[in-house]
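The structure appears right after this line, and notes come after that.
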Amino acid sequence: MSFVIQLMSGLAIGSIYGLVAVGFSMIYRAMGLVNFAQGDMMMVGAFLGYTVLATFAGAPFWLAIVGAMLGAAVLGLVIERLAFRPSVKRKADQVYLVLLTLGIGIVLSNGARLIWGANPVVYPTPLTHEIVVVAGYPLPAVYLYIAVVTPLLLAALHLFFTRTWLGLALRAAADDPETAATFGIRAGLTSSASFAIATAIGALAGVLYAPIAFVSFDMGAIGVKAFAAAALGTLGSIPGAVIGGFIIGLGETFGGQLIATEYQDSIAFAIMIAVLILRPTGLMGARS
């Protein structure tokens with residue numbers, strides 16, 4: 001495999017990790033909570049995209065993206081309202097909340113297995129098998145979607161957090177909840193919005209990843225690497241989450257080729273450990 005193909009593959013997979021990591025960072029910044037169900041929300045999004053394509057034969061790929069993101073956003077709102085908000089109001093300990101996220105992830109995984117079955121499914125779209133040639137190198141066509149959608153999403157998030165009232169409210173509530181409350185910014189609103197956006201972004205990652213691999217009820221395990229990316233880039237930092245995703249994706253791709261593909265997971269976490277030893281607060285954190 002040539003260097004260029006490895007590079008493109010690492011960047012594509014890194015983008016997926018980065019998008020899921022953005023969801024981790026958004027919820028952590030809004031609630032101080034590590035949501036280990038984020039990977040399983042990505043999995044549900046991938047299945048929602050599959051349902052759109054299977055229901056509407058010949059539907060364009062972007063419709064699967066939109067449908068999955070909308071459906072996942074609603075799911076995020078429901079989960080936040082029914083599970084997390086009551087627990088936070090009762091001042092549940094952080095350990096309990098983390099266990100709650102793990103439990104929700106298991107429920108989502110088994111729910112997907114019940115609804116869509118235990119066997120992996122393939123997206124019914126030509127994009128799954130389509131190859132494009134870029135500068136003489138054959139690449140999966142979905143890489144083009146990833147290359148376009150990821151920067152567009154990051155630009156949209158930047159505009160959202162700097163130009164809209166809701167985005168500014170989320171930032172204010174994350175930086176100083178008490179002061180934000182005096183200006184009428186409700187904690188319930190910010191947590192609901194954060195969950196909806198984070199879940200929608202996770203669904204986007206799932207739909208973009210689906211043509212590269214099979215969609216199955218256990219694909220939420222990707223969330224562990226995404227969490228490593230978020231921690232590497234400083235948990236709570238959206239730019240850091242994306243940078244961490246690229247580092248993990250490129251590291252495991254090149255490391256897997258140099259050593260062996262079965263060690264890719266170990267390589268990804270070895271990178272995280274090495275970086276956090278040198279910078280315990282992550283790449284975007286203040287130096288200690």
Side-chain angles (χ1 to χ4, degrees), residues 7 10-42 84 94-95 97-99 101-102 105 146 150-151 153-158 160-162 167 170-177 190-191 193-195 197-199 201-202 204-205 209 220-256 263-288:
L7 178 64
L11 290 174
I13 297 300
S15 295
I16 301 301
Y17 295 158
L19 290 174
V20 182
V22 166
F24 274 105
S25 288
M26 284 196 63
I27 294 177
Y28 182 81
R29 186 171 172 81
M31 303 177 63
L33 172 67
V34 177
N35 178 24
F36 283 111
Q38 184 68 19
D40 292 290
M41 291 176 177
M42 167 197 170
F84 289 104
Q94 283 293 314
V95 173
L97 292 176
V98 171
L99 290 174
T101 69
L102 291 171
I146 295 173
T150 301
L153 175 70
L154 295 177
L157 285 175
H158 174 74
F160 172 74
F161 282 115
T162 58
L170 291 178
R171 291 176 60 191
D175 293 336
D176 192 341
T190 58
S191 63
S194 296
F195 257 89
I197 296 171
T199 308
I201 294 173
L204 170 64
Y209 184 69
I222 291 174
V224 179
K225 291 183 184 178
F227 173 70
L232 192 156
T234 301
L235 199 59
S237 168
I238 291 178
V242 177
I243 293 171
F246 284 143
I247 293 174
I248 295 292
L250 289 169
E252 71 172 22
T253 300
F254 282 104
Y263 295 109
Q264 282 186 328
D265 291 346
S266 298
I267 292 168
F269 287 100
I271 293 171
M272 181 196 73
I273 292 170
V275 171
L276 292 182
I277 287 175
L278 297 174
R279 290 186 63 96
T281 58
L283 293 174
M284 304 297 287
R287 290 182 180 273
S288 56

Working to the nearest 0.5 angstrom, can you tell me the gap between Leu99 CG and Gln94 CD?
11.0 Å
To the nearest 0.5 Å, atom CG of Asn35 lies from atom CD1 of Ile27 at 4.0 Å
Check step by step if side chain to side chain contact (heavy atoms under 4.5 Å, CB included) holds for Tyr209 and Ile13.
CA-CA 8 Å; Tyr209 184 69; Ile13 297 300; 4.0 Å; yes
If only atom types and distance count, is the side chain of Ser25 paired as donor or acceptor with the main-chain N or O of Ile238 below 3.5 Å?
no
For Gly245 against Tyr17, the heavy-atom pair lying closest together:
CA-CB, 4.0 Å
Could you tell me the separation between the CD1 atom of Ile146 and the CG atom of Leu153, rounded to the nearest 0.5 Å?
12.5 Å
Kindly say whether Glu252 contributes a backbone atom to a donor-acceptor pair with the side chain of Gln264 at under 3.5 angstrom?
yes
Can you find a heavy atom in the side chain of Met284 that is under 4.5 Å from one in the side chain of Pro239?
yes
Please find the pair of heavy atoms, one from Gly233 and one from Ser237, that lie closest to each other, and give the distance.
O-CB, 3.9 Å
Ignoring hydrogens, what is the shortest heavy-atom contact between Gly167 and Phe161? Give both atom names and the distance.
O-CD2, 3.6 Å
Name all residues meeting the side-chain hydrogen bond (donor to acceptor under 3.5 Å, both in side chains) criterion together with Ser191; count only those two or more places apart in sequence or in a different chain, and write none if there are none.
Glu80
Non-hydrogen atoms of Ala228 and Phe269 that approach each other most closely:
CB-CE2, 3.7 Å
Measuring from atom CZ of Phe195 to atom CE of Met26, what distance do you get when rounded to the nearest 0.5 angstrom?
11.0 Å
Side-chain contact, heavy-atom cut-off 4.5 Å: Gln38 with Phe227?
no
Are the side chains of Val275 and Leu283 in contact, using a 4.5 Å heavy-atom criterion?
yes
Looking at side-chain heavy atoms only, is the closest gap between Phe254 and Leu7 below 4.5 Å?
yes
To the nearest 0.5 Å, how far apart are OG1 in Thr234 and OH in Tyr28?
10.5 Å
Hey, could you give me each pair passing ring-ring contact (aromatic ring centres under 6.0 Å, His included) that has a residue in residues 229-250? Not counting sequence neighbours.
none
Applying side-chain contact (heavy atoms from CB on, under 4.5 Å) to Ala172 and not counting sequence neighbours gives Ala180, Ile185
Contact check, side chains of Ile16 and Met42, non-hydrogen atoms, under 4.5 Å
yes
Decide yes or no for Thr162 and Arg171: does some side-chain heavy atom of the first lie under 4.5 Å from some side-chain heavy atom of the second?
yes
When every non-hydrogen atom of Leu232 is compared with those of Ile247, the smallest separation belongs to CD2-CD1, 3.7 Å
Just verifying a value: how many Å separate Leu235 CG and Thr281 OG1, rounded to the nearest 0.5 Å?
12.0 Å
Over all atoms of both residues, closest heavy-atom pair of Leu19 and Ala205
CB-CB, 3.8 Å
Taking Thr101 for its side chain and Phe36 for its backbone only, find out whether a donor-acceptor pair lies under 3.5 Å.
yes
Between Leu157 and Ile201, is a side chain to side chain contact (heavy atoms under 4.5 Å, CB included) present by the stated rule, with each step listed?
CA-CA 10 Å; Leu157 285 175; Ile201 294 173; 3.9 Å; yes
